[in-house]
Protein chains: 2
Amino acid sequence: MNNNNPIEKCDCEVIHDEIVNSVKGKMPQEETLFDLAELFKVFGDSTRIKILWALDEVEMCVCDIAVLLNMTQSAISHQLRVLKQAKLVKNRKEGKVVYYSLDDDHVKQIFDQGLEHINEK
Amino acid sequence: MNNNNPIEKCDCEVIHDEIVNSVKGKMPQEETLFDLAELFKVFGDSTRIKILWALDEVEMCVCDIAVLLNMTQSAISHQLRVLKQAKLVKNRKEGKVVYYSLDDDHVKQIFDQGLEHINEK
DNA sequence: AATACATATGAACAGTTATTCATATGTTCA
DNA sequence: TGAACATATGAATAACTGTTCATATGTATT
């Protein structure tokens, strides 16, 4: 069933039909790959990386983090929301103060793998 | 030496001075965290995730990838450049055709950690 | 040499995102 | 109740990013 239809968006001929079809069969669901990209997008910002790294050490309140990173409370709060939506951090409230902590066991391992890549290259 | 200077950008008082200072001492170098974020930024795009996943299966030429993902050759080529700059893929030339393959052992492990996070939540 | 084709690349555009600013919410304490 | 403070949030803005389009480069074939 290998017809010679013009390929939709690619402006070149298929070079290796078999390989393409084989890989197509092995690819995870579109949605899974999308979710994976969304997760890594969260890791792809220095501020959030710093927050995660700090929270991997110890639970901290919003203001602590702002002071630590020398940024505004607002900026940190916005980023904590992103991290929370990604379910990477959780929080607990104690009076006026909200304490954030890591909510994932894989963060450190993902960091470590990333660092290994960087250090090898 | 805990003076009571107004904190630069944070518009609130330091809540837990000791924690902030302790964590500050344990944080990796600014540059390391920046590089880590830059690396994850590369993972933070569906197209690039798909390319990496495909190349983890088998070496492919640019056109193959374009057909596989139903995208233009140009778009793929641009993304391959990003992946190459990040040293996640390498290529070899055979006549007109350029074959790309993974250039990192950690890609799959990073994916797996990410997937574990997603599946747990 | 000329053509065909695979890939690369620069400019432009649209969509996304991080920070700032102003302000709202919610809690404590007097 | 009102003042003080920690945090959250919406709107605005500036910077960044992915794709497209047009075109350039480089290789093989005739």
Side-chain angles (χ1 to χ4, degrees), chain A residues 4 6-16 19-20 33-34 37-38 40-51 59-86 89-100, chain B residues 6-17 19-20 33-34 37-38 40-51 59-86 89-100:
Chain A
N4 284 349
I7 284 81
E8 296 99 290
K9 302 185 84 177
C10 174
D11 48 359
C12 52
E13 324 289 317
V14 181
I15 309 288
H16 310 91
I19 289 188
V20 171
L33 297 172
F34 180 83
E38 289 301 300
F40 288 126
K41 221 169 269 184
V42 177
F43 285 93
D45 176 84
S46 311
T47 301
R48 288 192 294 264
I49 288 277
K50 287 176 195 167
I51 294 175
E59 173 188 73
M60 295 177 90
C61 72
V62 179
C63 184
D64 285 348
I65 302 173
V67 173
L68 173 68
L69 304 186
N70 192 34
M71 293 178 65
T72 64
Q73 170 271 319
S74 179
I76 299 299
S77 190
H78 278 296
Q79 296 296 12
L80 284 169
R81 187 156 51 85
V82 175
L83 291 169
K84 185 135 187 265
Q85 276 166 355
V89 306
K90 59 181 187 287
N91 59 13
R92 85 186 159 82
K93 209 165 179 181
E94 199 171 282
K96 285 179 296 188
V97 184
V98 180
Y99 293 92
Y100 282 83
Chain B
I7 284 82
E8 298 98 289
K9 301 184 87 178
C10 175
D11 48 359
C12 52
E13 323 288 317
V14 181
I15 310 287
H16 310 92
D17 237 341
I19 288 188
V20 171
L33 297 172
F34 179 82
E38 289 300 301
F40 288 125
K41 220 168 270 184
V42 177
F43 284 93
D45 175 82
S46 311
T47 301
R48 289 191 293 266
I49 288 276
K50 287 177 197 168
I51 294 175
E59 172 189 76
M60 294 177 91
C61 71
V62 179
C63 184
D64 285 347
I65 302 172
V67 173
L68 173 69
L69 304 185
N70 193 32
M71 293 179 66
T72 65
Q73 169 271 321
S74 179
I76 299 300
S77 190
H78 278 297
Q79 296 296 13
L80 284 169
R81 184 157 53 86
V82 174
L83 292 169
K84 185 134 186 265
Q85 276 166 355
V89 305
K90 59 178 187 288
N91 57 14
R92 82 186 161 83
K93 211 167 179 180
E94 200 171 282
K96 285 178 295 187
V97 184
V98 180
Y99 292 92
Y100 281 83

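A, B, ... follow the sequence lines: proteins, then strands. Residue 1 opens every chain.
For B:R48 (side chain) and B:K41 (main-chain N/O), a donor-acceptor pair under 3.5 Å exists by modelled atom type.
Remark: P of D:dT20 and CE of B:M71 are 6 Å apart, rounded to the nearest angstrom. For the pair A:I76 CD1 and C:dC21 P, the computed distance is 15 Å after rounding to whole Å. Nucleotide D:dA8 holds its P atom 9 Å from the NZ atom of A:K84, rounded to whole Å. For the pair A:I51 CD1 and D:dT7 P, the computed distance is 13 Å after rounding to whole Å. The separation between B:K93 atom NZ and D:dT27 atom C1' is 7 Å, rounded to whole Å. Between B:E94 atom CD and D:dG26 atom C1' the separation is 16 Å, expressed in whole Å. As a whole-Å value, the separation of B:Y99 OH from C:dA8 P is 13 Å. At whole-Å resolution of the value, NZ in B:K96 and C1' in D:dT27 are 7 Å apart.
For C:dC21, the base has no donor-acceptor partner in the side chain of A:T72 [N/O atoms by modelled type, under 3.5 angstrom]. Between the side chain of B:S74 and the base of C:dT7, no donor-acceptor pair of N or O atoms lies under 3.5 Å.
Remark on DNA chain C: of its neighbouring residues A:D45 and B:N91, the 5'-side contact belongs to B:N91, judged by nearest-heavy-atom nucleotide. Between A:G95 and A:Q79, the residue whose closest nucleotide on DNA chain C is further toward the 5' end is A:Q79.
Here the side chain of B:R48 is nearest to one of C:dT27, D:dT7, D:dG18, namely D:dG18. Distances were taken from every side-chain heavy atom of B:C61 (C-beta onward) to each of C:dT7, C:dT17, D:dT19; the shortest belongs to C:dT7. Between C:dC5, C:dA8, D:dT20, one nucleotide has an atom nearer to the side chain of B:Q73 than all others, and that is C:dA8. When distances run from any side-chain atom of A:H78 to the nucleotides D:dA11, C:dA8, D:dT7, the shortest one goes to D:dA11. Listed nucleotides: C:dA8, D:dC5, C:dA11. Nearest to the side chain of B:S77: C:dA8. Taking the side chain of B:R81 as heavy atoms from C-beta on, and the options C:dA8, C:dT9, C:dC21, the nearest nucleotide is C:dT9.
Taking 4.5 Å as the limit, every side-chain heavy atom of A:Q79 sits out of range of all side-chain heavy atoms of A:I65. In this structure, the side chains of A:Y100 and A:I51 stay at 4.5 Å or more apart for every pair of heavy atoms. With a 4.5 Å cut-off on side-chain heavy atoms, B:L80 and B:I76 count as touching.
Between B:C61 atom SG and B:R92 atom CZ the span is 10.0 Å, to the nearest 0.5 Å.
Phosphate contact (OP1/OP2 of D:dT19, side-chain N/O of B:T47, threshold under 4.0 Å): present. Between A:Y100 and D:dA8, a side-chain N or O to OP1/OP2 separation shorter than 4.0 Å is present.
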